[in-house]
A.B. asks: 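My structure is below; once you've seen it, I'll send some questions.
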Amino acid sequence: MVQLQKLTPLDDETLEKLGFSWHTDTDGSKYVSDALVSITQEEAEAYYNASNELYDMYVEAAEHVIENDLFFDLGIPFNLVDVIKKSWENDVHWHIYGRFDLAGGIDGQDIKLIEFNADTPTGLFETAMLQWALLKHNNMDENKQFNNVYEAISTNFKRLITLLDDVDEFDSRYDGWKILFSSISDNDEEEVTTKLLEQMANDAGFVTKFEFLENTNFDENGVYDADENSYEYWFKLYPWEDIAVDEPELATTLTNILQNQEAIILNPAYTLLFQSKGMLKILCDLFPDSPYLLKTSFEPLENTKQVEKSVFGREGANTAIVDENNQLLEKTDGPYDNYKKIYQEYVDFPKDREGDKYQAGVFFAYEACGLSFRKGGEIMDNMSKFVGHVIV
Amino acid sequence: MKHISSIAGGVALGTAGVMMMSVLTGCEAPKEELQNRFLIIEQQTNGKYIVVEEVPTEGPNRAIIREKDANGNTVERFMNEAEMKALADQEYQKVQNGTSETIHDNGGSAGMGLAGTILAVAAGSLLGNMIGNALMNNKSFAKNSARTNKSSYSRSSASKSKAKSSSKKSFFGGSKKSSSRSGGFFGG
């Protein structure tokens, strides 16, 4: 049973003052739970260790995919292969942050990898800021949370300059290079998330600016804001695979920008390899004994309760759960059906008294840096709720 | 807990933490500094005004208003702090009764009436931080404020025509695809 601690919630007005406007879901229900998941220090440590180990495994698996030309297996759009390879060749294409989605880890259940959101993870404001604010608001000990997300990402921005060297070198090496941050307009959540990342970079010492995607300009020589100022870095909260499919000309331009070393795009194109759920199968091939992996295949698993997913897909769409007799138990529709499928062994999430299920999200920025939970049903969809945590 | 760090006193939240703590403790820190400005405000062909120059100043707030006369000639007039404050006050009254254009979404077009423009860019320094911050918490006001100020969003006609002739391209025109909150919080 998931252990919960009831809270006095933050009212909507305060949430909005904090910059958090997406507090109510489209069905009118509150998106933020009025309880915290209680975890032990050991459980927090286990999430930390699992995520760090999983990241190392992903890096090894990506190397394997590139060396053996397995892009097609992962469902990678062909027009991104070059830019992925180029981004992989040089450390300057530094991965800023990602989020592992994990089953288990509490209530005596083993930690299992569900997937890695490595390209455009959201839930960032909630994890880095909001769950801390909930502790503060309830006069609880702020030290009792696995949450170093803000500082870890801010520090990781410095590594764009220092790479593997000591980040203290940043000040002496940084020469005014600018980062442009972009998200689509008309989406508060993505705008706030992107601006939070901008603030982290700004705190790190970078010159930054925000420009909506529609107003950002591109040519072979770089990336520009609406006033035609050019930038050395461009962070986009927009999926690489959507650029490939919806804006193929831009995919070509970005490839040339990288080739000409005119700008660095964040998160780097190779994070699409991590993002592909096809990677779960590659990981199983390479690390068959890992305790963190669920059996995953490109073909349906025999006599196994399993989950069918598209290699790229969001918000729980186009997901199906079938039992060991191949009987369909649950299914969601959506726009991602055209993508290749993978089949992942089913694992039950930890449940609370009401039977709601909890999935852990661990943010990663050079190392695991923060934890939060999602509460929902069998398939975590866009109606799932955010739940913070406290270490007891 | 050797590896697991948490946020002690919000310190690790950087500048974002300062804002968070000020909201949570109910004593919001000034977002807009009491910095006086020297503004050049220009009337556009559609009659609306935008700020084309903004210079921090040690002296009082003041502005040059650049307008077209009946013959289409550009005329400039000077506005002192008292006059600016009177206009800002007048517009703030409209904010309070809900009729000010500064708090309405004007569909993305830049520029407002003169009083609205002055309030949008200098509310804090003219009427005090409390009013300035309260206004900036209104999303439409914040947007209008940004759009009215050339230094951040609005562009002069010269740079617009340059953009048109440039080979740079923008994308995402029709795309409203969201990268989504869940970003792949898939169950299973």
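Quick note: numbers below take in every heavy atom, side chains included, and nothing from hydrogens, waters or symmetry partners. Model, not experiment: these values are computed from the prediction.
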A.B. asks: Could you tell me which portion of Glu249(A) (side chain, backbone, both or neither) has an atom closer than 4.5 angstrom to a non-hydrogen atom of chain B?
C.D. replies: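 Both backbone and side chain.
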A.B. asks: Where is the tightest heavy-atom contact between Gln199(A) and Ala16(B), given as atom of each residue plus distance?
C.D. replies: NE2-N, 3.2 Å
A.B. asks: So which heavy atom on Asp203(A) is nearest to which on Leu13(B), and how close?
C.D. replies: OD2-O, 4.4 Å
A.B. asks: Report which part of Asp188(A) has an atom under 4.5 Å of a heavy atom belonging to chain B: side chain, backbone, both, or neither.
C.D. replies: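 The side chain, not the backbone.
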A.B. asks: Given a strict heavy-atom distance threshold of 4.5 Å, which part of Leu371(A) is in contact with chain B: side chain, backbone, both, or neither?
C.D. replies: neither
A.B. asks: Given heavy-atom pairs under 4.5 angstrom as the criterion, report whether the side chain, backbone, both or neither of Thr216(A) touches chain B.
C.D. replies: backbone
A.B. asks: Given that the side chain runs from C-beta out, which part of Leu124(A) has a heavy atom under 4.5 Å from chain B: side chain, backbone, both or neither?
C.D. replies: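 No part of it gets close to chain B.
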A.B. asks: To the nearest 0.5 Å, what is the distance between CG on Leu135(A) and CG on Leu24(B)?
C.D. replies: 11.0 Å
A.B. asks: Counting only heavy atoms not in Glu76(B), do more than 12 fall under 6.0 Å of its CD?
C.D. replies: yes
